[in-house]
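Below is one structure, written out as structure tokens; comments come after it.
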Amino acid sequence: MKAGVFAATLFTAVSINAFAQPGRDRGPQLPPILESSSPTAQAHIAAAKTVAGTSWAELFPGLCDLRNPNRPFTLPNPPAPRTPFEPDDWNEQPAQIFDNLYFVGSKGVSSFAITTSEGIIITDAMWVYDIEGSVVDGLKTLGLDPHDIKYVIIPHGHPDHYGGAKFLQDNFDVKVVAPRGELELLSVGPRYSNTPLPNSYDVLIEDGDTLTLGDTSVHFTTMPGHTEAGVVLTFPVVENNQTHQMLIWPAGGGTPGGTDGQLAQARALAALIETAKEKGIDAIAENHGSHLLINNMQPSDAGNPFLVGTDTVVDYLTLRMECDLALERKMH
């Protein structure tokens with residue numbers, strides 16, 4: 001599968017931009033709103049447009065849309081905590097992506113199972129109503145044992161990413177991994193959501209930390225902006241006896257934070273771009289919307305849609321960085 005098709009499909013899932021037309025490779029388009037910002041912002045937009053090329057054409061306008069509000073992210077404030085509900089037709093079929101990586105997500109949240117020589121790591125705790133049907137039953141469908149889960153990762157502190165952690169703790173004695181910088185956000189979750197918090201946080205991670213289970217290590221890079229300290233995951237995957245490096249972006253869509261969040265994310269992205277080049281990171285997914293890529297894995301000769309090459313991964317990260325800088329500079 002071509003990288004441009006991957007980008008359009010992944011873009012459709014996160015639904016951040018009304019200008020995208022999935023399935024049509026028409027090149028990056030500049031909506032009129034992008035023509036009326038400061039020269040500095042326009043320079044970043046031009047750089048983003050160039051790096052988007054055709055691979056990330058559908059993602060470009062939404063990330064660089066200067067109509068996005070430039071204000072700090074605030075939590076919802078309902079009169080009472082809201083109980084999340086499961087939409088109809090929410091479940092997705094699990095699938096093997098690489099020899100050691102399986103999709104066990106839903107239409108709402110994309111979670112993956114990393115198999116190692118000593119057990120399984122789940123990359124996202126999802127909504128509370130996702131975890132049994134998507135992860136537990138998904139593993140069983142794939143011929144894997146949910147009792148082999150050793151760790152579940154909370155990539156950032158929103159309830160659609162921590163909701164199932166308590167269930168896995170209570171039923172499978174799974175250890176919960178969470179970013180130390182997200183503990184404050186996690187602690188206020190019950191004010192606006194009835195999603196259960198984990199019983200405990202067994203492993204606290206920071207930028208540069210590594211979680212090792214058996215023969216596999218997951219590396220964490222802090223990526224502020226969407227939240228204070230959400231983490232990008234990178235780890236090895238294997239296909240046809242070849243080892244590749246996989247990256248999972250922690251939050252679909254644009255950066256909802258204000259200037260500080262956008263600048264912090266841009267700085268973190270600059271460092272991650274160098275890491276991607278050095279490590280040869282050549283596979284990518286997001287924790288929203290990756291279910292749309294699964295059907296594109298058939299027939300098998302279509303290629304692996306998650307395996308896009310290092311240059312395309314670097315382009316994806318650079319596009320995000322340039323759009324962050326454009327949004328930050330739009331009023332200067």
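Residue indices begin at 1 and follow the sequence shown.
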Without swapping roles, check the side chain of [X] against the backbone of [Y] for a donor-acceptor pair under 3.5 Å.
X      : Y      : answer
Ser187 : Glu184 : yes
Glu92  : Lys107 : no
His219 : Leu233 : no
Asn100 : Pro236 : yes
Asp215 : Thr116 : no
Gln245 : Lys279 : no
Trp56  : Lys49  : no

Is the closest side-chain donor-acceptor distance between [X] and [Y] under 3.5 Å?
X      : Y      : answer
Thr212 : Ser217 : yes
Ser106 : Asn91  : no
Asp160 : His158 : no

Closest contact, heavy atoms only, [X] versus [Y]:
X      : Y      : answer
Asp202 : Val176 : OD2-N, 2.7 Å
Ile154 : Pro198 : CD1-CG, 3.9 Å
Leu186 : Gly157 : CD2-CA, 3.7 Å
Thr222 : Ala268 : O-CB, 3.7 Å
Ala57  : Pro61  : O-CD, 3.2 Å
Ala283 : Val313 : N-CG2, 4.0 Å

For the residue pair [X] and [Y], establish whether any side-chain heavy-atom pair is separated by less than 4.5 Å.
X      : Y      : value
Val314 : Asp311 : no
Val237 : Phe306 : no
Glu118 : Asp148 : no
Asp207 : Phe220 : no
Thr275 : Thr221 : no
His161 : Pro250 : no
His244 : Gln242 : yes
Glu286 : Ile248 : no

Can you tell me if CD on Gln93 sees more than 12 non-hydrogen neighbours from other groups inside 6.0 Å? no
Other residues, nucleotides, ligands: >12 heavy atoms within 6.0 Å of Glu228 CD: no
How many angstroms lie between atom [atom1] of [X] and atom [atom2] of [Y], to the nearest 0.5 angstrom?
X      : Y      : atom1 : atom2 : result
Leu144 : Leu139 : CG    : CG    : 5.5 Å
Arg267 : Leu325 : CZ    : CG    : 9.5 Å
Thr123 : Phe103 : OG1   : CZ    : 9.5 Å
Leu168 : Asp173 : CG    : CG    : 11.0 Å
Gln96  : Asn304 : CD    : CG    : 10.5 Å
Leu204 : Arg180 : CG    : CZ    : 4.5 Å

Could you walk me through whether Phe235 and Leu101 satisfy the side chain to side chain contact (heavy atoms under 4.5 Å, CB included) test, starting with their C-alpha distance in whole Å, then the side-chain angles of each, then the deciding distance to 0.1 Å, before giving a yes or no? CA-CA 10 Å; Phe235 51 91; Leu101 187 70; 3.8 Å; yes
Run the side chain to side chain contact (heavy atoms under 4.5 Å, CB included) test on Phe172 and Val136 for me, step by step, so that the C-alpha distance in whole Å, both residues' side-chain angles and the decisive distance to 0.1 Å come before the verdict. CA-CA 10 Å; Phe172 299 97; Val136 176; 3.8 Å; yes
If Ile, Leu, Val, Met, Phe, Trp and Tyr residues are connected whenever their side-chain heavy atoms lie under 4.5 Å apart, and connections chain through other members, are [X] and [Y] in the same group?
X      : Y      : result
Leu183 : Ile153 : no
Val232 : Met126 : no
Ile120 : Met246 : no
Val218 : Tyr162 : no
Val177 : Val152 : no

Decide side chain to side chain contact (heavy atoms under 4.5 Å, CB included) for Ile121 and Phe112; before the verdict, give the C-alpha distance in whole Å, the side-chain angles of both, and the deciding distance to 0.1 Å. CA-CA 8 Å; Ile121 301 171; Phe112 301 87; over 6 Å; no
Indicate yes or no: does Lys166 engage Asp170 in a salt bridge with an N to O separation below 4.0 Å.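 The answer is yes: the pair qualifies as a salt bridge.
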Which is it for Ile122 and Tyr151 under the side chain to side chain contact (heavy atoms under 4.5 Å, CB included) test, yes or no, and what are the steps along the way? CA-CA 6 Å; Ile122 300 298; Tyr151 295 101; over 6 Å; no
Aromatic ring pairing His156/His226, orientation class (parallel under 30°, perpendicular over 60°, tilted between): perpendicular
Go through the structure and list residues passing salt bridge (Lys or Arg N to Asp or Glu O under 4.0 Å) with Glu274, not counting sequence neighbours.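 In terms of salt bridge (Lys or Arg N to Asp or Glu O under 4.0 Å), with neighbours along the sequence ignored, Glu274 is linked to Lys277.
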